[in-house]
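Predicted model, so just to flag it, every value in this text is computed and none were measured.
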Amino acid sequence: MFDRPQKMLFLATLWSLSYCAVGSEISGALNDVWGYTEPYLRAVWQNRLCVYTAAAVLIGLWFTVNVAFRKKETITPVSAHLHSSAKKQELSPDTEKIVHVAGVRIFYGSQTGTAKGFAGELAEDVRGQGFECEISDMKEYDPDDRLAEECSSKMICVFMVATYTDGQPTESAEWFCKWLEEASTDFRYGKTYLKGMRYAVFGLGNSVYVGHYNTVSKNIDKWLWMLSAARIMTRGEGDCNVVKSRHGSIQADFQAWKAKFLSRLQPLAKGEKKVCSGKCKSDSCKNKKKHKEEAEDSQSLAQKNSSEEELMESSSDAESSAEEDKSHGSVIDMEDLGNVMNRMKKAKKMEADEENSQRIKLSKQNGVRNSVAEEDRREMITPALRDSLTKQGYKLIGSHSGVKLCRWTKSMLRGRGGCYKHTFYGIESHRCMETTPSLACANKCVFCWRHHTNPVGTEWRWKMDPAEKILQEAVENHRSMIRQFRGVPGVRPERFDEGLTVKHCALSLVGEPIMYPEINTFLRLLHHQHISSFLVTNAQFPEEIRNLVPVTQLYVSVDASTKDSLKKIDRPLFKDFWQRFQDSLKALGEKQQRTVYRLTLVKAWNVDELKAYADLIALGQPDFIEVKGVTYCGESSASSLTMANVPWHEEVIHFVQQLANLLPDYEIACEHEHSNCLLLSHHKFKVGGEWWTWIDYERFQELIQEYEESGGTKSFSAIDYMAKTPTWALFGAKERGFEPSDTRFQRKNKTKDISGC
């Protein structure tokens with residue numbers, strides 16, 4: 001009806017009329033409002049400072065509430081279900097792993113370094129399995145301040161301790177053991193002082209020391225157990241006596257124990273419980289049969305290998321099962337104690353009977369000993385010992401004998417002089433075979449040439465080779481070693497040819513030859529082949545000395561003159577070593593043939609015992625007394641001997657002169673300066689003012705043949721086969737014991753050769 005311009009004009013007119021009518025009303029209303037509010041606005045303006053302050057406070061409150069509200073918002077959106085899940089996740093093993101074994105701490109008490117070496121070896125293997133491991137010397141560890149910490153440290157404590165002289169702890173472990181012993185019986189510590197500690201013990205000892213075998217390790221195990229510490233495995237025992245060692249050597253014993261320890265360590269780290277004791281209430285125990293079989297095997301093995309099981313020798317498994325069934329501190333009811341003791345006595349009796357059945361009885365006729373179960377005996381030379389002795393130049397014979405070329409044999413082949421036996425008794429050193437039918441010994445002397453690599457024992461418990469075989473192979477091996485000098489520069493052809501024929505045998509190589517059951521047979525075989533015999537014994541077998549057939553010259557080593565010094569120097573295995581020592585000297589005095597005391601002077605050990613030596617000489621009345629300064633054979637963990645213990649030759653002379661003043665029947669006869677050795681001789685060998693210390697070897701062979709043919713009725717004495725001593729061998733001669741026909745050769749910076757007799 002209207003076009004676009006008309007519509008717009010109409011709307012504009014209408015808006016103008018409306019504005020005029022309404023605007024007048026609004027304007028009036030605004031005037032009324034302003035009149036009403038004007039006084040209030042003026043009041044606010046006049047008090048504007050207060051208004052500003054109130055505004056600031058309100059803004060601050062708003063900001064604080066707003067921040068708090070935002071924090072709440074960050075937590076509030078998490079539902080109760082999610083919060084519970086997060087809590088479970090925080091406590092799960094993946095988030096916070098429970099540690100059952102924090103590591104291993106190894107304590108060692110060592111005298112010669114063996115225990116320390118074992119501790120280091122165990123530590124390497126423990127670290128190889130991913131565990132931390134610390135090694136502590138007992139000497140540097142204060143148990144009073146620190147041992148209780150092991151109850152909560154979750155560490156496994158391993159104690160590796162050696163037993164020293166008379167069953168005492170080593171010097172480094174002395175204080176630790178003393179403290180532990182006192183704590184175990186001190187009411188102030190209480191029976192639960194070490195509750196929570198877990199431990200294992202490995203001891204190092206030698207079963208030939210009857211009554212003191214692994215005493216220290218047994219005591220430590222007992223004392224820890226008395227303080228409520230928990231074993232993780234049965235105590236291990238390493239035995240230096242290769243005859244009775246369960247695995248053939250102390251190293252093998254340690255390896256076997258270490259394998260068990262490492263296998264025990266893994267289950268403990270996983271938190272696994274101990275093996276079921278087989279005493280479950282229900283009949284559905286899966287491990288009952290297995291445990292029963294293991295218990296039977298363990299019991300049979302224990303009865304076979306040990307006669308000294310103690311009540312505290314049970315494993316940790318048995319102890320823990322017992323602890324579960326009891327709440328008091330006792331282990332065995334008093335009613336059962338008698339049964340337990342009876343079983344222990346029965347086990348010991350069975351062991352003693354078995355031991356007696358294996359013993360070798362000495363025959364009064366020829367010294368041959370018979371074994372009941374010879375095929376069950378071990379060989380004396382173990383594979384490890386065979387390797388060691390072979391490297392040292394020994395030619396081993398059978399299972400217990402050996403031969404070696406003496407350095408003086410080599411020297412005389414070259415015309416560089418012989419040993420002191422050549423000077424004192426006329427032995428031809430290049431024709432002397434040094435051998436032994438027994439590598440074992442009953443002493444562990446501090447000056448041992450072989451650093452105690454040879455086995456030890458108080459009686460023969462090994463397999464035995466026949467004397468014929470030993471002598472035959474000894475001569476063959478000796479000749480083979482002599483043949484190696486063919487064409488060697490400096491070797492005299494005539495002496496090389498002579499050296500291929502053995503004329504003398506020195507049974508002083510190593511060990512105790514008189515322990516060999518067929519020693520008399522061996523000596524007879526030597527004499528039948530016109531070989532002279534020089535036998536050395538360590539004065540611990542008096543009956544064997546009495547039963548010995550005549551020898552060319554019988555030696556007894558007298559390394560000390562008092563009980564205490566002999567124990568310190570020779571370290572004998574026998575408990576009654578001093579009585580045996582004295583009886584051996586008396587037995588020597590009963591012999592009619594040539595006898596010798598061999599004194600080894602160890603400076604600062606036995607050189608001040610002149611009067612006591614004189615008393616021992618009066619006891620045995622030997623024909624000769626050899627006094628020799630100790631030979632230092634190099635550093636060894638088995639001995640504390642050093643070069644400071646080697647006396648000078650002048651000191652040896654001074655000692656011998658003082659000793660001779662106390663012996664009216666003896667006088668210094670010969671000297672061998674190169675060996676630091678002098679010879680005191682009985683006056684009966686001084687005929688017409690001249691010494692007759694040498695031996696007429698051909699005459700001796702005639703006499704011994706007559707003795708054998710007469711069945712021992714036609715006896716002879718040392719005077720019957722003596723020979724005149726040359727002037728160059730006498731004490732005070734300018735040659736000082738060196739034969740003039742030879743040429744002395746001194747090598748500078750030479751490697752020390754410790755072989756020789």
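Shortest non-hydrogen contact noted between Glu150 and Tyr141 is OE2-OH, 3.3 Å. Listed here is the closest heavy atom pair of Ala539 and Ser557: CB-O, 4.2 Å. Minimum interatomic distance between Ser228 and Thr192 (heavy atoms only, all atoms of both residues): OG-CA, 3.5 Å. Here the closest non-hydrogen pair linking Gly236 and Trp257 is CA-CD1, 3.4 Å. Contact detail for Asn241 and Ser207: the closest heavy-atom pair is ND2-OG, 3.1 Å. The two residues Pro572 and Tyr209 have their closest heavy-atom pair at O-CE2, 3.5 Å.
Between His247 and Gln255 there is no side-chain heavy-atom pair separated by less than 4.5 Å. The shortest side-chain heavy-atom distance between Leu224 and Leu180 falls under the 4.5 Å cut-off. Taking 4.5 Å as the limit, some side-chain heavy atom of Ile220 sits within range of a side-chain heavy atom of Met138. Looking at Asp253 and Arg246, their side chains come closer than 4.5 Å, going by heavy atoms from C-beta outward. Using a 4.5 Å heavy-atom cutoff, the side chains of Asp137 and Tyr108 are in contact. Within the 4.5 Å cutoff, the side chain of Pro542 has no heavy atoms near those of the Gln579 side chain. No side-chain heavy atom of Tyr193 sits under 4.5 Å from any side-chain heavy atom of Leu147. Side-chain contact between Val104 and Phe261: present, with at least one pair of heavy atoms (C-beta onward) separated by less than 4.5 Å.
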For this session: Please report the C-alpha distance between Lys222 and Ser184 in whole Å, then the side-chain angles of each, then the deciding distance to 0.1 Å, and finally whether the side chain to side chain contact (heavy atoms under 4.5 Å, CB included) criterion is met.
Result: CA-CA 9 Å; Lys222 177 181 67 176; Ser184 66; over 6 Å; no

For this session: Output, in order, the C-alpha distance, side-chain angles, deciding distance and verdict of side chain to side chain contact (heavy atoms under 4.5 Å, CB included) for Tyr164 and Glu171.
Result: CA-CA 9 Å; Tyr164 202 49; Glu171 182 180 353; over 6 Å; no

Exercise. Can you check side chain to side chain contact (heavy atoms under 4.5 Å, CB included) on Met197 and Leu227, steps first, answer last?
Worked result: CA-CA 10 Å; Met197 175 193 284; Leu227 292 170; over 6 Å; no

Problem set entry | Evaluation steps, side chain to side chain contact (heavy atoms under 4.5 Å, CB included), between Val126 and Val158 | CA-CA 12 Å; Val126 169; Val158 178; over 6 Å; no

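Distance alone, capped at 3.5 Å, places no donor-acceptor pair between the Ser217 side chain and the Val161 backbone. Gln129 contributes no side-chain N or O that, together with a main-chain N or O of Gln266, makes up a donor-acceptor pair within less than 3.5 Å. Between the side chain of Thr600 and the backbone N or O of Asp559 there is no donor-acceptor pair closer than 3.5 Å. Between the side chain of Gln540 and the backbone N or O of Phe577 there is at least one donor-acceptor pair closer than 3.5 Å. Put simply, the side chain of Thr163 never gets that close to the backbone of Gly205: no donor and acceptor are under 3.5 Å apart.
We find the CD-OG distance between Glu543 and Ser584 to be 9.0 Å, quoted to the nearest 0.5 Å. Annotation: the span from Ile232 atom CD1 to Arg198 atom CZ amounts to 8.0 Å, rounded to 0.5 Å. Atom NZ of residue Lys463 and atom CD1 of residue Ile381 lie 12.5 Å apart, to the nearest 0.5 angstrom. Within the model, atoms CG of Asn214 and CG of Asp239 stand 7.5 Å from one another, a figure rounded to the nearest 0.5 Å. Taken from CG in Leu262 to CG in Leu122, the straight-line distance is 6.0 Å, to the nearest 0.5 Å. For the atom pair NZ (Lys244) and CZ (Arg378), the distance works out to 10.0 Å, reported to the nearest 0.5 Å.
Relative orientation of the Phe254 and Phe118 rings is parallel, given thresholds of 30° and 60° on the angle between their planes. Between Trp462 and Trp460, the ring planes are perpendicular. Angles over 60° get that label, and only those under 30° would be called parallel. Relative orientation of the Phe176 and Phe159 rings is tilted, given thresholds of 30° and 60° on the angle between their planes.
More than 12 heavy atoms of other shown residues, nucleotides or ligands fall within 6.0 angstrom of atom NZ in Lys258.
Remark: of the listed residues Cys157, Cys133, Ser136, Cys133 is the sole one forming a side-chain contact (heavy atoms from CB on, under 4.5 Å) with Ile106.
Looking at Arg580 and Asp576, a side-chain N of the basic residue comes within less than 4.0 Å of a carboxylate O on the acidic one, giving a salt bridge.
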